[in-house]
Amino acid sequence: QVKLVESGGGSVQAGGSLRLSCAPSGYTYSSKCLGWFRQAPGKEREGVAAIYTDTDERSTYYADSVKGRFTISQDNAKNTVYLQMSSLKPEDTAMYYCAAERKACPFVDGGSYLSPRAYDYWGQGTQVTVSS
């Protein structure tokens, strides 16, 4: 059974940085699709960043709103995926979720990497609050 546990959320001032971590257990496949999503109150869940890794491949995907500010990475030795967030803005305030997919990975449609509907496994979320 796949279980995802996020950590690293918190409160920061605008312009600050945070690093989120996600440690998936029961997800030991050579081909991995992992993503970070966020949901603000009253808004739909949206894709922030995603990463696809295989033995000799690595691809990353970002929402336009975070390009140049957020970086997704994966440490295979620790089986952990990170989201480094810099130059944070108040509009980045949301609950952030880690997600993983197995059956459909890698996605045929590249747009699926940032689509919440494409992922079967979800963590409980970690809150990020950015104050102005």
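In what follows, every heavy atom counts, from backbone to side chain, and hydrogens, waters and symmetry copies are set aside.
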Residues E101 and A104: closest non-hydrogen pair is OE2-N, 3.0 Å
| said: Donor-acceptor pair, distance only, cut-off 3.5 Å: does the side chain of R69 make one with the backbone of S87? | reply: yes
Check whether NZ of the Lys or CZ of the Arg R19 lies under 6.0 Å from the centre of the six-membered ring of Y82 and within 45 degrees of that ring's axis.
yes
Checking L88, L83, T129, V130 against L18 for side chain to side chain contact (heavy atoms under 4.5 Å, CB included), the one that qualifies is L88
Could you tell me whether the side chain of D54 and the main chain of E57 form a donor-acceptor pair under 3.5 Å?
no
Taking the six-membered ring for Trp and the full ring for Phe, Tyr or His, determine whether the centres of F107 and Y52 are under 6.0 Å apart. no
What one should report as the nearest heavy-atom pair of A40 and A94 is N-CB, 3.9 Å
**Prompt:** Are Y119 and L4 connected in the hydrophobic side-chain network, where two residues link if heavy atoms are under 4.5 Å apart?
**Reply:** no
d(Q84 CD, S17 OG) to nearest 0.5 Å is 6.0 Å
Practice prompt. Could you tell me whether the side chain of E6 and the main chain of Q124 form a donor-acceptor pair under 3.5 Å?
Written response: yes
Can you get from M85 to V12 by hopping between Ile, Leu, Val, Met, Phe, Trp and Tyr side chains that sit under 4.5 Å apart? yes
Margin query: Starting from F70, can I reach W36 by hopping between I/L/V/M/F/W/Y residues whose side chains sit under 4.5 Å apart?
Written below: yes
- Does some side-chain heavy atom of Q74 sit less than 4.5 Å from a side-chain heavy atom of T80? no
Smallest heavy-atom separation, P106 atom then C33 atom, equals CA-SG, 3.9 Å
To the nearest 0.5 Å, atom CD1 of I72 lies from atom OG of S59 at 11.5 Å
Does some side-chain heavy atom of P90 sit less than 4.5 Å from a side-chain heavy atom of S131?
no
Checklist entry - So, the side chain of N79 versus the backbone of N76: is there a donor-acceptor pair under 3.5 Å, distance only? => result no
(message) More than 12 heavy atoms of other residues, nucleotides or ligands under 6.0 Å from CD of E91: yes or no?
(response) yes
So OG1 of T60 and NZ of K67: to nearest 0.5 Å the spacing works out to 9.5 Å
All heavy atoms of S65 vs all of R38, minimum pair found to be OG-NH2, 3.5 Å
**Asked** Quick one: are K32 and R102 in side-chain contact, heavy atoms under 4.5 Å?
**Response** no
Assigning hydrophobic clusters by single linkage (Ile, Leu, Val, Met, Phe, Trp, Tyr; side-chain heavy-atom cutoff under 4.5 Å), is Y27 placed with I51? yes
message = Using the rule that Ile, Leu, Val, Met, Phe, Trp and Tyr join whenever any side-chain heavy atoms are under 4.5 Å apart, tell me whether M95 and L114 fall into a single cluster.
response = yes
task: Show your working on ring-ring contact (aromatic ring centres under 6.0 Å, His included) between F37 and W122 and close with a plain yes or no.
output: CA-CA 10 Å; F37 296 79; W122 292 86; 5.0 Å; yes
For Y97, does the six-membered ring have the charged nitrogen or CZ of R45 within the cation-pi criterion, i.e. under 6.0 angstrom from the centroid and within 45° of the normal? yes
Any side-chain heavy atom of S7 within less than 4.5 Å of one from T126? no
Note: P24 and L34 closest approach over all heavy atoms is CG-CD2, 4.4 Å
Worked verdict on D92 versus V48 for side-chain contact (heavy atoms from CB on, under 4.5 Å):
CA-CA 10 Å; D92 294 318; V48 175; over 6 Å; no
When you measure from the side chain of Y113 to the backbone of Y62, do you find a donor-acceptor pair of N or O atoms at a distance under 3.5 Å?
no
